[in-house]
Amino acid sequence: QVQPVESGGGSVQVGGSLRLSCAASGRSFNTYAVAWFRRAPGKDREFVATLSWTGDRTSFADTVKGRFSISKNYAKTTVYLQMNSLKPEDTATYFCAVAQFRGLETDPSKYEYWGQGTQVTVSS
């Protein structure tokens, strides 16, 4: 099994950028779909972005489309979430999740393995 480990969170001002990393502990993401979810204080967990196991298909939440991108390194050991033009409403704990399926899935219940999360705070 693969255990995702997130890093890269922090505090940034409105309009700034951050890059989150999700590293595969134990093995690579070679046959895993990887997704990012987030949970803001007092709100439910929500889908942010996902990358297919082949690395050639992506899906984004409407709230981040055009601002966030998702990619995988050549070794397939790390998935990145590049976040640009950050807004205060992007403030949340961001979680990386993985599962072995071929499609693009936005339902968190479909993902088997979850990281501990990394905090992103956007201030005005």
Side-chain angles (χ1 to χ4, degrees):
Q1 70 183 51
V2 60
Q3 179 60 46
V5 179
E6 305 96 337
S7 63
S11 297
V12 64
Q13 292 190 324
V14 169
S17 298
L18 280 174
R19 188 177 77 162
L20 304 184
S21 298
C22 176
S25 176
R27 56 184 298 177
S28 74
F29 289 134
N30 191 36
T31 58
Y32 287 83
V34 180
W36 288 93
F37 293 84
R38 66 186 182 187
R39 187 193 299 274
K43 295 187 177 181
D44 292 333
R45 180 174 50 186
E46 66 171 349
F47 166 75
V48 176
T50 186
L51 179 69
S52 65
W53 74 274
T54 53
D56 59 350
R57 290 187 295 155
T58 60
S59 179
F60 296 91
D62 289 343
T63 52
V64 307
K65 202 170 292 183
R67 300 188 297 122
F68 290 13
S69 61
I70 187 170
S71 61
K72 191 186 307 188
N73 69 343
Y74 181 78
K76 301 180 182 178
T77 56
T78 304
V79 169
Y80 303 102
L81 183 69
Q82 179 66 44
M83 306 186 297
N84 299 326
S85 302
L86 284 163
K87 305 175 180 180
E89 50 264 43
D90 294 318
T91 295
T93 301
Y94 284 71
F95 298 89
C96 180
V98 302
Q100 286 186 301
F101 52 69
R102 292 177 178 265
L104 293 173
E105 187 59 67
T106 64
D107 181 353
S109 69
K110 304 296 186 182
Y111 290 86
E112 301 173 77
Y113 307 107
W114 290 78
Q116 294 299 306
T118 186
Q119 178 66 36
V120 171
T121 302
V122 184
S123 57
S124 57

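Quick caveat: nothing in here was measured; it's all calculated off a predicted structure. Values below: every heavy atom of this structure, side chains too, minus hydrogens, waters and symmetry copies.
A distance of 15.0 Å separates CZ in Arg45 from OH in Tyr94, rounded to the nearest 0.5 Å. For the atom pair OG1 of Thr58 and NZ of Lys72, the computed distance is 12.0 Å after rounding to the nearest 0.5 Å.
Hydrophobic cluster membership differs between Leu104 and Trp114, with clusters built from Ile, Leu, Val, Met, Phe, Trp and Tyr side chains linked at under 4.5 angstrom. Taken together through direct or relayed side-chain contacts under 4.5 Å among Ile, Leu, Val, Met, Phe, Trp and Tyr, Trp36 and Val122 form part of one hydrophobic cluster. Tracing side-chain contacts under 4.5 Å through hydrophobic residues (I, L, V, M, F, W, Y), one never reaches Tyr113 starting from Phe101; they form parts of separate clusters.
Side chains of Pro4 and Phe95 form no contact here, defined as non-hydrogen atoms less than 4.5 Å apart. Between Cys96 and Val34, some side-chain heavy-atom pair lies under the 4.5 Å cut-off. Using a 4.5 Å heavy-atom cutoff, the side chains of Val79 and Tyr32 are not in contact. The shortest side-chain heavy-atom distance between Ser17 and Gln82 falls under the 4.5 Å cut-off. Looking at heavy atoms from C-beta onward, Phe29 lies in side-chain contact with Cys22 at the 4.5 angstrom threshold. Within the 4.5 Å cutoff, side-chain heavy atoms of Tyr80 are placed close to those of Asn73. Within the 4.5 Å cutoff, side-chain heavy atoms of Ile70 are placed close to those of Phe60. Residues Met83 and Leu81 have side chains in contact (heavy-atom distance under 4.5 Å, counting atoms from C-beta outward).
A pairwise comparison of heavy atoms in Leu51 and Gly55 identifies CD1-O, 3.8 Å as the closest pair. Counting all heavy atoms, side chain and backbone alike, Val2 lies closest to Arg27 at CB-CG, 3.6 Å. Scanning both residues, Val120 and Gly9, for their nearest heavy atoms gives CG2-CA, 4.2 Å. The shortest non-hydrogen separation linking Ser7 to Thr118 is C-OG1, 4.2 Å.
Below 30°, between 30° and 60°, or above 60°: for Tyr111 and Phe37 the angle between ring planes is above 60°, a perpendicular geometry.
Under the 4.0 Å criterion applied to side-chain N and carboxylate O atoms, Asp90 and Lys87 are not assigned as salt-bridge partners.
Using modelled atom types, one finds a donor on one side chain and an acceptor on the other under 3.5 Å when comparing Gln100 with Thr31. Ser28 and Asn30 share no donor-acceptor pair across their side chains, judged by distance under 3.5 Å alone.
Checking each of Glu6, Arg39, Arg38, Gln119 against Thr93 for a side-chain hydrogen bond (donor to acceptor under 3.5 Å, both in side chains) leaves exactly one that passes, namely Gln119.
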